[in-house]
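Remarks on the structure that follows.
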Amino acid sequence: MSTADHAEILQQISKLLKKEYSSVQRGLNSICDHLKNNLKAYDWVGFYFSDFENQMLHLKAFSGTPTEHTSIPFGKGICGQVALSNENFVVPDVKAQDNYIACSVDVRSELVVPLFLEDKNIGQIDIDSKTPNPFSKEDEELLSSVCKLVSATYGNLLKQL
Ligand code: SME
């Protein structure tokens, strides 16, 4: 996927969010559907948000096969590590990771990008792929921009999910 395609996808997502500004849930679900349907390597797309009191992540929207991992403790798996590190986590080969939670045997690679609200890491977008090593810097940039759009659109409503 070229940067130009990514720019177009970001623009489409920005439009979707303008339409769905009144419902966080619908907005997040349409982003998941849009990314999964328009980017070939994106086989599962989901948003997890942090419950700081219980140090847990909870799945709030997704597109793809339902997962049993709807709640993940901070520190566990790729998602749990991102909840603590506040950094993007690119996994070209999930088999090379010790601290990894498998959602499906078909998954080969994963990309998790944190979502910040007022500089605090409050959640993340998680992409699973059946393709080995498909993610580039452009994917990280696209997903960071998507997370920024989500924060700017919904702000404090994201804390009440
Ligand atoms: N693989 C993730 C778990 C979430 S599923 O990908 C939907 C992890 O290791 O944290």
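For clarity, every value in this text was computed on a predicted model and none was experimentally measured.
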Nearest-0.5 Å distance, CG of residue Leu35 to CG of residue Leu143: 6.5 Å
Minimum heavy-atom distance Tyr154-Tyr21, with the two atoms named: CE2-O, 3.4 Å
Euclidean distance, Ser50 OG relative to Gln124 CD, rounded to 0.5 Å: 6.5 Å
Pairs of donor and acceptor atoms involving the side chains of residues 74-89, under 3.5 Å and at least two apart or interchain, shall be tabulated with distances.
unit_1	atom_1	unit_2	atom_2	d
Gln81	NE2	Gly77	O	3.1
Gln81	NE2	Asn99	O	3.0
Ser85	OG	Gln81	O	3.3
Ser85	OG	Glu87	N	3.1
Asn86	OD1	Asn121	ND2	2.9
Asn88	ND2	Glu140	OE1	2.8

Joint cluster assignment, Val146 & Val112, ILVMFWY side-chain distance < 4.5 Å: no
With sequence neighbours excluded, residues passing side chain to side chain contact (heavy atoms under 4.5 Å, CB included) with Lys18: Ser14
Atom of Pro134, atom of Ser129 and distance for their closest heavy-atom approach: CG-OG, 3.7 Å
Least distance between heavy atoms, Gly46 atom then Leu59 atom: CA-CD1, 4.3 Å
Minimum side-chain heavy-atom gap Asp139-Tyr42 below 4.5 Å: yes
Residue pairs involving residues 89-113 (criterion salt bridge (charged side-chain N to carboxylate O under 4.0 Å, His left out); sequence neighbours excluded): none
Those residues that, when tested against Tyr48, pass side chain to side chain donor-acceptor pair (under 3.5 Å) (two or more places apart): none
Cluster link Phe135 to Ile9, ILVMFWY, side chain under 4.5 Å: yes
Single-linkage hydrophobic cluster Leu161~Ile125, side-chain heavy atoms < 4.5 angstrom: yes
Within one Ile-Leu-Val-Met-Phe-Trp-Tyr cluster: Val113 and Ile72, side-chain cutoff 4.5 Å: yes
Distance in Å, Leu158 CG paired with Leu117 CG, rounded so as to fall on 0.5 Å steps: 6.0 Å
Shortest non-hydrogen separation from Gly64 to Phe62 and the atoms involved: O-CE1, 3.3 Å
By side chain to side chain contact (heavy atoms under 4.5 Å, CB included) - contacts of Asp119 (at least two apart): none
Return all side-chain donor-acceptor pairs below 3.5 angstrom for residues 22-33, not counting sequence neighbours, or 'none' if the list is empty.
unit_1	atom_1	unit_2	atom_2	d
Ser23	OG	Arg26	N	3.0
Gln25	NE2	Lys60	O	2.5
Arg26	NE	Glu20	OE1	2.7
Arg26	NH2	Glu20	OE1	3.3
Asn29	ND2	Gln25	O	3.1
Ser30	OG	Arg26	O	2.6
Ser30	OG	Gly27	O	3.3
Asp33	OD1	Ser63	OG	2.9

Spacing of CG belonging to Leu142 relative to CD belonging to Glu8, to within rounding of 0.5 Å: 12.0 Å
Same cluster (ILVMFWY, side-chain, under 4.5 Å), Leu111 and Phe47: yes
Approximate separation, where rounding is to 0.5 Å, of Ser145 OG and Gln11 CD: 12.5 Å
Minimum-distance pair of heavy atoms, taken over all atoms of Pro92 and Ser109: O-CB, 3.4 Å
Short side-chain donor-acceptor distance under 3.5 Å, Gln12 and His34: yes
Which residues share a side chain to side chain contact (heavy atoms under 4.5 Å, CB included) with Ser71, sequence neighbours left out: Met56, His58
For Lys159, all residues meeting side chain to side chain donor-acceptor pair (under 3.5 Å), sequence neighbours excluded: Asn156
Spatial distance of atom OG (Ser151) from atom NZ (Lys148) [nearest 0.5 Å]: 9.5 Å
Partner set under side chain to side chain contact (heavy atoms under 4.5 Å, CB included) for Gln160, not counting sequence neighbours: Leu157
Asp128 and its side-chain contact (heavy atoms from CB on, under 4.5 Å) partner, picked from Val107, Val91, Val94, Asp43: Val107
